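Scroll down for the structure; my scribbles are underneath it.
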Protein chains: 2
Amino acid sequence: MGGKWKLLILFHLHHFAKKSYSDFKANLPGISEKMLSQQLKELERDKLIAKNQLSVKPNRVEYFLTARGQSLGPLYEFISKWGIDYLMENNIDYIKDQHLYK
Amino acid sequence: MGGKWKLLILFHLHHFAKKSYSDFKANLPGISEKMLSQQLKELERDKLIAKNQLSVKPNRVEYFLTARGQSLGPLYEFISKWGIDYLMENNIDYIKDQHLYK
DNA sequence: TCAATAACTAACTAAAAAGTAGGTTGTTAC
DNA sequence: GTAACAACCTACTTTTTAGTTAGTTATTGA
């Protein structure tokens, strides 16, 4: 489960419950479509997320956390809080310094 | 912090407080010396661990968690528990199936 | 009808991480 | 005085991951 974007994808689903492919695209700045669909597929394979097929003719889906994905909830929370604390302790303005993380 | 062995190193220190280079070597089956010293160095660089130089003429050291390394304690605990639960839910005998994780 | 959007896939390249095989310095144990 | 151990380091290869660019199908909105 060590992909560059997986934790972020899971974290988004943890907070917003349901998200479409393009929701991720819009909210994960810098991710390429290849990475996005690859990581979604691996998360599905590992049963951490699943998707509803809303329609087929125009292909519309929504992703959500499985029970297993939800069971990692405390982890998402902890890492998020730890990260924010880390940035604050070190006086890093994330918005200003985003170039550091690309 | 995404090295293959880092979490295991941190987890060992979390449980045993102080460990020497060769303690890790003995308790992380499969790690190469290159990987071990590389990951220790990166963890030091990131201020998650530190070492005491016990002697120089014969080079003896002991590694331990810094305050920052300790602040991740709940993470080590959670992941460890989650992993064990995962193995049990799926009837995986870790000892028997170690080859799966090499 | 033409552009934009949604949800993808595929081919290829580049960069990062890990593995392999060796070498070093200085000890103590036999 | 030789082997074994501790704590490393170096060069090189292989594997894995990520980035780039370019398609595909189908739909709605102007």
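From a predicted model like this one, the values you see are computed outputs, not experimental measurements. Lettering follows sequence order; numbering is per chain, from 1.
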Look at the side-chain N and O atoms of [X] and state whether any lies under 4.0 Å from the OP1 or OP2 oxygen of [N].
{"X": "A/Lys51", "N": "C/dC8", "result": "yes"}
{"X": "A/Ser20", "N": "C/dA7", "result": "yes"}
{"X": "A/Ser22", "N": "C/dT5", "result": "no"}
{"X": "A/Asn59", "N": "C/dC8", "result": "yes"}
{"X": "A/Tyr63", "N": "C/dA6", "result": "no"}
{"X": "A/Ser37", "N": "C/dC8", "result": "no"}
{"X": "B/Ser32", "N": "C/dT20", "result": "no"}

Spacing between [X] atom [atom1] and [N] atom [atom2], to the nearest angstrom:
{"X": "A/Ile31", "N": "D/dG19", "atom1": "CD1", "atom2": "P", "value": "9 Å"}
{"X": "A/Asn52", "N": "C/dA7", "atom1": "CG", "atom2": "C1'", "value": "15 Å"}
{"X": "A/Lys57", "N": "C/dA6", "atom1": "NZ", "atom2": "C1'", "value": "16 Å"}
{"X": "B/Lys4", "N": "D/dT15", "atom1": "NZ", "atom2": "P", "value": "13 Å"}
{"X": "B/Leu8", "N": "C/dA18", "atom1": "CG", "atom2": "C1'", "value": "15 Å"}
{"X": "A/Gln39", "N": "D/dG19", "atom1": "CD", "atom2": "C1'", "value": "12 Å"}
{"X": "B/Met35", "N": "C/dA21", "atom1": "CE", "atom2": "P", "value": "15 Å"}
{"X": "A/Leu36", "N": "C/dT9", "atom1": "CG", "atom2": "P", "value": "10 Å"}

Nucleotide nearest A/Tyr21 when distance is taken to its side chain, options D/dA6, D/dA18, C/dT9: C/dT9
Selected nucleotide, minimal atom distance to A/Val61 side chain, candidates C/dA7, C/dA18, C/dT27: C/dA7
Side-chain donor/acceptor contact of B/Lys25 with base of D/dA6 under 3.5 Å: no
Donor-acceptor pair present, B/Lys34 side chain and C/dG19 base, under 3.5 Å: yes
For the student: nearest non-hydrogen atoms of B/Lys19 and B/Asp23, plus distance: CA-OD2, 3.5 Å
Nearest heavy atoms of A/Lys25 and A/Leu36, plus distance in Å: N-CD2, 3.9 Å
Ring geometry between A/His14 and A/Phe11 (parallel below 30°, tilted from 30 to 60°, perpendicular above 60°): tilted
Under 3.5 Å: donor-acceptor pair, side chain of A/Thr66, backbone of A/Leu48: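 It does hold such a pair.
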B/Asn59 side chain near B/Tyr21 side chain, heavy-atom distance below 4.5 Å: no
Closest-nucleotide 5' rank along DNA chain D - winner of A/Val56 and A/Gly30: A/Gly30
Sugar-phosphate only, base, or nothing, as touched by A/Phe24 at under 4.0 Å among non-hydrogen atoms: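 Touches nothing.
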Sugar-phosphate only, base, or nothing, as touched by A/Glu33 at under 4.0 Å among non-hydrogen atoms: base
Interatomic spacing from CG in B/Leu40 to NZ in B/Lys51 - rounded to 0.5 Å: 8.0 Å
